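This one's a predicted model, so the numbers in the text were calculated from it and none came from an experiment.
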Amino acid sequence: QLQLAESGGGLVHPGGSLRLSCAASGFRLNYHAVSWFRQAPGKEREGVACIATEDDSTFYYDAAKGRFTASTDNSKNTVYLEMHSLTPEDTGVYYCAATPSYVCYDGLIYGSWGQGTQVTVSS
């Protein structure tokens with residue numbers, strides 16, 4: 001069974017940092033594009049970042065540029081999202097999703113999704 005499991009969310013003060021993990025089971029993340037999405041209360045889901053596990057190339061949406069970094073650890077079959085300089089606008093449920101692809105681009109269709117992890121940025 002193909003599964004993705006996010007972890008690492010929590011409550012953090014503005015300006016703080018978190019590292020989210022996305023662990024895959026039932027399949028290898030090699031040759032996949034793995035994206036992070038988030039959904040804030042009352043808002044549509046939006047893309048955050050994408051990493052192509054074949055060559056670690058990345059794609060970041062505007063809200064993440066300069067603050068977030070996606071990375072992979074193939075030995076752990078896990079993708080990470082390092083988030084810094086967090087603001088209350090970063091609050092939401094963060095999801096990872098994967099699809100077989102050598103590259104990241106806006107418009108990929110994802111077949112595997114995790115259940116999400118809550119990130120709350122508040123003082």
Side-chain angles (χ1 to χ4, degrees):
Q1 185 176 1
L2 309 183
Q3 288 188 327
L4 294 172
E6 303 93 338
S7 61
L11 173 64
V12 63
H13 292 306
S17 300
L18 282 175
R19 187 177 80 158
L20 306 183
S21 300
C22 172
S25 58
F27 70 108
R28 297 297 302 176
L29 282 175
N30 310 65
Y31 312 114
H32 278 72
V34 180
S35 278
W36 289 94
F37 295 85
R38 68 186 184 187
Q39 188 164 19
K43 295 187 177 180
E44 292 188 355
R45 187 175 63 201
E46 63 177 354
V48 176
C50 178
I51 185 164
T53 60
E54 176 62 8
D55 63 359
D56 288 346
S57 59
T58 53
F59 173 90
Y60 296 99
Y61 291 82
D62 287 346
K65 289 179 180 177
R67 299 188 301 129
F68 295 2
T69 303
S71 62
T72 62
D73 185 336
N74 288 329
S75 68
K76 295 182 179 180
N77 211 29
T78 299
V79 167
Y80 302 98
L81 184 68
E82 294 258 5
M83 306 187 296
H84 300 285
S85 302
L86 288 164
T87 73
E89 288 68 37
D90 295 312
T91 294
V93 179
Y94 283 68
Y95 301 89
C96 63
T99 191
S101 177
Y102 285 96
V103 297
C104 288
Y105 59 89
D106 195 14
L108 276 170
I109 305 299
Y110 293 89
S112 300
W113 289 82
Q115 294 300 305
T117 185
Q118 176 70 45
V119 172
T120 303
V121 185
S122 175
S123 56

If you round to the nearest 0.5 Å, how far is OG of S35 from CG of L81? 10.5 Å

Measuring from atom CG of L2 to atom OG of S112, what distance do you get when rounded to the nearest 0.5 angstrom? 5.0 Å

CG of L4 to OG of S21, rounded to nearest 0.5 Å, is 12.5 Å

Decide whether Y60 and V119 are clustered together by the hydrophobic rule: side chain heavy atoms of Ile, Leu, Val, Met, Phe, Trp, Tyr closer than 4.5 Å, transitively. no

Checking Y102 against D55 for the side chain to side chain donor-acceptor pair (under 3.5 Å) test, could you report, in this order, the C-alpha distance in whole Å, the side-chain angles of both residues, the deciding distance, and whether it holds? CA-CA 8 Å; Y102 285 96; D55 63 359; over 6 Å; no

Do L29 and V79 come close enough that some side-chain heavy atom pair is under 4.5 Å? yes

Side-chain donor/acceptor of T78 to backbone N/O of K76, under 3.5 Å: yes

Under a 4.5 Å cut-off applied to non-hydrogen side-chain atoms, are T117 and L20 in contact? yes

When every non-hydrogen atom of L108 is compared with those of S101, the smallest separation belongs to CD2-OG, 4.0 Å

Answer yes if Y105 and F37 sit in the same cluster of Ile, Leu, Val, Met, Phe, Trp and Tyr residues linked by side chain heavy atoms under 4.5 Å apart, and no otherwise. yes

Ignoring hydrogens and angles, tell me if any N or O in the side chain of S85 forms a donor-acceptor pair with the backbone of R67 under 3.5 Å. no

Counting distance only, does the side-chain N/O of E82 pair as donor-acceptor with the main-chain N or O of F68 below 3.5 Å? no

Residue pair V34, C50: steps toward the side chain to side chain contact (heavy atoms under 4.5 Å, CB included) verdict: CA-CA 6 Å; V34 180; C50 178; over 6 Å; no

Would you kindly confirm whether Y31 and V103 end up in one hydrophobic cluster when ILVMFWY residues are joined by side chain heavy atoms under 4.5 Å apart? yes

With under 30° as parallel and over 60° as perpendicular, where do the rings of H32 and F27 fit, or are they tilted in between? tilted

So, H84 and S17: side-chain donor and acceptor under 3.5 Å apart, yes or no? yes

Taking the side chain as C-beta and beyond, is there a heavy-atom pair between M83 and T69 under 4.5 Å? no

Is it true that, when you exclude Q115 itself, more than 12 heavy atoms of the residues, nucleotides or ligands shown sit nearer than 6.0 Å to its CD? no

Sole residue of N77, D56, T58 in side chain to side chain donor-acceptor pair (under 3.5 Å) with T72: D56

Beyond-backbone contact of E6 with Y95, side-chain heavy atoms, under 4.5 angstrom: yes

Shared hydrophobic cluster for Y110 and W36 (ILVMFWY, side-chain gaps under 4.5 Å): no

Side-chain touch V121/P88, heavy atoms, less than 4.5 angstrom: yes

Using every non-hydrogen atom in the two residues, find where C104 and S57 come nearest and quote the distance to one decimal. SG-O, 4.4 Å

Without hydrogens or angle criteria, can the side chains of Y94 and R38 be said to hold a donor-acceptor pair below 3.5 Å? yes

Over all heavy atoms of both residues, which pair between N74 and T53 is shortest? Give the atoms and the distance, please. ND2-O, 4.2 Å

